[in-house]
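To start, the structure itself, in structure tokens.
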Amino acid sequence: MDSQISDQILSIFNNTLYFCVRPVVLVLGVATCSFSAYVFYRMGLNDSVRVSFFVLCIYDLGFVLMSSVGAVCIILNIGFPQVTSAMTFNPFYVNNISYWCAGIFYHSSLMTTGFISGVRCCCVAIPFKFRKVFSTKRTAAALLIIFILSCTLQLPVVATQYVSYTRVKNNLTKIVILSTSNHDITVAVNDILNRNILSWITMAVMFISLIVMTAKLKSSVEFRLLATTGHPSTSKLSAICCCSKYRTEQLKPSSQRLFANLRTQNLDDKIQNDSRIISKSDHREGGTRKETKSTLENLRELQLIKSVALITVMVVALALPFMVYSLVRRLMPQFNAGNIYGNLFSVITTLSAVCAYLNSALNVFIFYCCNTKFKAVANDIFSCFQNSRSVKQ
């Protein structure tokens, strides 16, 4: 039933994805990951958070690059079958190798995202011990361990494959990649361990970090509001609004406020009241600065929660299809390539891969919206590029 109904639909769907959607998303991913890595490099790798995000961009870049190699091989196989049939080494086998290598970078990226969420949570929960615990060297070592762990867990799948030679028509020798009898077992372990257990643990860490951060920042905002205004509040928005009425006044220098008050006085009153006005102005400015500093800290903390929340939602939405289909094919053996629901499996597999590519490609927009330093450096790069183009023209 599945093959009779969906053969033509599958062909149209796969051709659309393989020749249109997938290449565009992969090119976007390569461009955005490269740009993000360059921006973080320009920002300086002297901070544990920047190092984490830089390595995350490198892992994402490795994932989309290896996937791009596989995408090119599939396009050659589908679009130019006569050319690939005459080749000594079929591009399909290159796609097979690149698929499992891309999995190393994918799982490294996913675990690194969970690591970053946990580190940001510790930055809020233990701010005084954070720099000692999460130094730049320790962060780099932890990220390297994540990559080694990902390679180790993926190694059995690659190790159960080997290169062989076969003869076809006209005595042409071709290179092929064959699998041992244990290959299916290693793939099943990979589906359960890498794509489900570790992935669900990573998502649990991200959700727990988001909840702890929200609770800690809420209590710190209440304490800060009580210290600056004397009025406790249970809302971060209230803390910001309490200081918003002073923003216009605080932005003006004390001399401008002084001359504004002097316009309503006579010249004699001006001479007598200069010192009193300056004293009151400076006192008010000091209080406003204190409250504005509290407001900026509240806004910064809200940006932190916003960035972690956006990353968490995006990872869950785009990584979940990949995790679910890997689990379903273990529970339903018919849902696999070459079985009853093989066509449906092919469609969902391709869609899940595109979602995973988007997960890597869209990170740059979160960095740009939620990281003011990243945005400043990115805008500086854009302005330099525009200036160089205008000079050439």
Side-chain angles (χ1 to χ4, degrees), residues 2 6 9-29 32-33 56 59-60 62-64 66-68 70-71 74 95-96 98-114 117 150 153-154 157 187-207 210 309-363 365-366:
D2 177 71
S6 59
I9 299 176
L10 177 67
S11 177
I12 297 173
F13 182 83
N14 281 343
N15 288 337
T16 303
L17 286 178
Y18 290 148
F19 290 95
C20 299
V21 178
R22 193 181 184 189
V24 171
V25 175
L26 285 173
V27 170
L28 176 65
T32 56
C33 293
L56 175 64
Y59 288 158
D60 285 335
F63 171 59
V64 293
M66 297 305 300
S67 300
S68 298
I74 291 179
N95 171 62
N96 186 31
S98 65
Y99 175 80
W100 295 113
C101 293
I104 295 175
F105 290 100
Y106 174 78
H107 295 299
S108 299
S109 173
L110 192 62
M111 288 188 285
T112 301
T113 306
S117 298
S150 181
L153 295 175
Q154 202 82 359
V157 180
V187 172
V189 172
N190 178 73
D191 285 346
I192 296 172
L193 182 60
N194 288 0
R195 298 184 180 178
N196 279 277
I197 295 178
L198 288 179
S199 299
W200 285 112
I201 290 175
T202 300
M203 291 188 180
V205 169
M206 296 174 68
F207 275 111
L210 182 60
L310 285 175
I311 292 175
T312 302
V313 170
M314 189 177 70
V315 169
V316 171
L318 297 178
L320 196 60
F322 200 70
M323 297 160 56
V324 170
Y325 100 79
S326 300
L327 180 62
V328 170
R329 76 171 179 172
R330 294 301 120 202
L331 301 177
M332 295 177 58
Q334 298 85 358
F335 182 73
N336 210 334
N339 291 334
I340 299 176
Y341 301 107
N343 290 345
L344 179 62
F345 173 79
S346 177
V347 170
I348 294 179
T349 301
T350 309
L351 281 177
S352 301
V354 172
C355 290
Y357 306 149
L358 283 174
N359 187 23
S360 299
L362 297 180
N363 278 334
F365 300 103
I366 296 180

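The shown structure was predicted, so the numbers you read here are calculated from the model rather than taken from an experiment.
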Considering all heavy atoms of both residues, which atom of [X] and which atom of [Y] are nearest to each other, and what is their separation?
X: Cys20; Y: Pro23; result: O-CD, 3.5 Å
X: Cys101; Y: Met66; result: CB-CE, 3.6 Å
X: Asn194; Y: Ser199; result: O-OG, 3.1 Å

Are any side-chain N or O atoms of [X] and backbone N or O atoms of [Y], one a donor and one an acceptor, separated by less than 3.5 Å?
X: Thr312; Y: Met203; answer: no
X: Thr32; Y: Ala361; answer: yes
X: Ser150; Y: Ile104; answer: yes

For a 4.5 angstrom cut-off between non-hydrogen side-chain atoms, does [X] reach [Y]?
X: Arg195; Y: Tyr325; result: yes
X: Val187; Y: Arg330; result: yes
X: Leu153; Y: Leu198; result: yes

How many angstroms lie between atom [atom1] of [X] and atom [atom2] of [Y], to the nearest 0.5 angstrom?
X: Leu331; Y: Ile192; atom1: CG; atom2: CD1; result: 8.5 Å
X: Thr113; Y: Asp60; atom1: OG1; atom2: CG; result: 6.5 Å
X: Arg329; Y: Asp191; atom1: CZ; atom2: CG; result: 4.0 Å
X: Leu110; Y: Leu56; atom1: CG; atom2: CG; result: 10.0 Å
X: Thr112; Y: His107; atom1: OG1; atom2: NE2; result: 12.5 Å
X: Ser109; Y: Asn363; atom1: OG; atom2: CG; result: 7.0 Å

Query raised in the report: Taking only residues two or more places apart in sequence, or in another chain, which ones meet Val24 in a side chain to side chain contact (heavy atoms under 4.5 Å, CB included)?
Result: none
Check: residues 351-359 side-chain donor-acceptor pairs under 3.5 Å, at least two apart:
residue, atom, partner, partner atom, Å
Ser352, OG, Ile348, O, 2.7
Tyr357, OH, Arg22, NE, 3.3
Tyr357, OH, Arg22, NH2, 2.9

Query raised in the report: With Phe63, which of Tyr106, Phe105, Tyr99 fulfils ring-ring contact (aromatic ring centres under 6.0 Å, His included)?
Result: Tyr106
